[in-house]
Amino acid sequence: KLPFDLQTAISEVLRECSREIEEFPEDFDPMVRPADPKFGDFQANGALPAAKKLKKNPRELAEKLANIATEHPFFSSDRFSIEIAGPGFLNLTLSPDS
């Protein structure tokens, strides 16, 4: 079952996943918000400010986060897809069966 407050749950899981990546700061904020429907259901923009703070490539940080997140039980089922867009956004789309 999906949690009632999906935006908060996604934020918490992405924050948990970021702790597995050395480059991410401990105070990482995934900045999850509802997305423009043509891009998905939710968008996480937190890799951009984290990369700026760390002087790293934001797309590379987003790729690392997406790779870890797709292994997490919350995202690893068929209910979500995660795509990296632009300079380092994560677009999250729920499957119609969710």
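Please read these numbers as outputs of a predicted model, since none were measured by experiment. All heavy atoms count here, side chains included; hydrogens, waters and symmetry mates do not.
Asp41 is not listed as a side-chain neighbour of Leu92, based on a closest heavy-atom distance of 4.5 Å or more. Under the 4.5 Å side-chain criterion, counting only non-hydrogen atoms from C-beta, Pro30 is not in contact with Ile10. Looking only at side-chain heavy atoms (C-beta outward), Thr93 and Phe42 stay at 4.5 Å or farther from each other.
Leu65 and Ser18 make their closest contact through CD1-N, 3.8 Å (heavy atoms, listed as atom of the first residue, atom of the second, distance). Between Leu61 and Ala47, the shortest heavy-atom contact is CD1-O, 4.2 Å. Heavy atoms only, all atoms of each residue included: Pro58 and Ala51 are closest at CA-CB, 3.4 Å. Minimum heavy-atom separation, Ala35 to Gly40: CB-O, 3.6 Å. Taking both residues in full, the closest heavy atoms of Val13 and Phe75 are given as CG1-CE1, 3.4 Å, listed atom of the first, atom of the second, then distance.
Looking at residues two or more places apart in sequence or on another chain, you find a side-chain hydrogen bond (donor to acceptor under 3.5 Å, both in side chains) between Glu16 and His72. For Asn91, the side-chain hydrogen bond (donor to acceptor under 3.5 Å, both in side chains) partners are Gln43, not counting sequence neighbours. Take Glu23 and apply the side-chain hydrogen bond (donor to acceptor under 3.5 Å, both in side chains) test, not counting sequence neighbours, and it matches Lys64. Looking at residues two or more places apart in sequence or on another chain, you find no side-chain hydrogen bond (donor to acceptor under 3.5 Å, both in side chains) involving Asp36.
The line from OG of Ser11 to CG of Asp29 is 7.0 Å long, rounded to the nearest 0.5 Å. Atom-to-atom distance recorded for Glu63:CD and Leu90:CG is 10.0 Å, nearest 0.5 angstrom. In this structure, CG in Asn67 is found 6.5 Å from CD1 in Ile84, a value given to the nearest 0.5 Å.
A side-chain hydrogen bond (donor to acceptor under 3.5 Å, both in side chains) check over residues 44-58, counting only residues at least two apart or in different chains, returns the pairs Asp27-Lys53.
The backbone N or O of Asp5 lies less than 3.5 Å from no partner atom in the side chain of Thr8, so there is not a single donor-acceptor pair.
Through direct or relayed side-chain contacts under 4.5 Å between Ile, Leu, Val, Met, Phe, Trp and Tyr, Leu48 connects to Phe89.
No continuous path of ILVMFWY side-chain contacts below 4.5 Å connects Leu54 to Met31, so the two sit in separate hydrophobic clusters.
Arg15 forms no cation-pi arrangement with Phe24, by the criterion of a distance under 6.0 Å to the ring centre and an angle within 45° of the ring axis.
Using the six-membered ring where Trp is involved, Phe80 and Phe74 have ring planes that are tilted, between 30° and 60° apart.
For Gln7, the CD atom counts as densely surrounded, since its 6.0 Å shell holds more than 12 non-hydrogen atoms of other residues, nucleotides or ligands.
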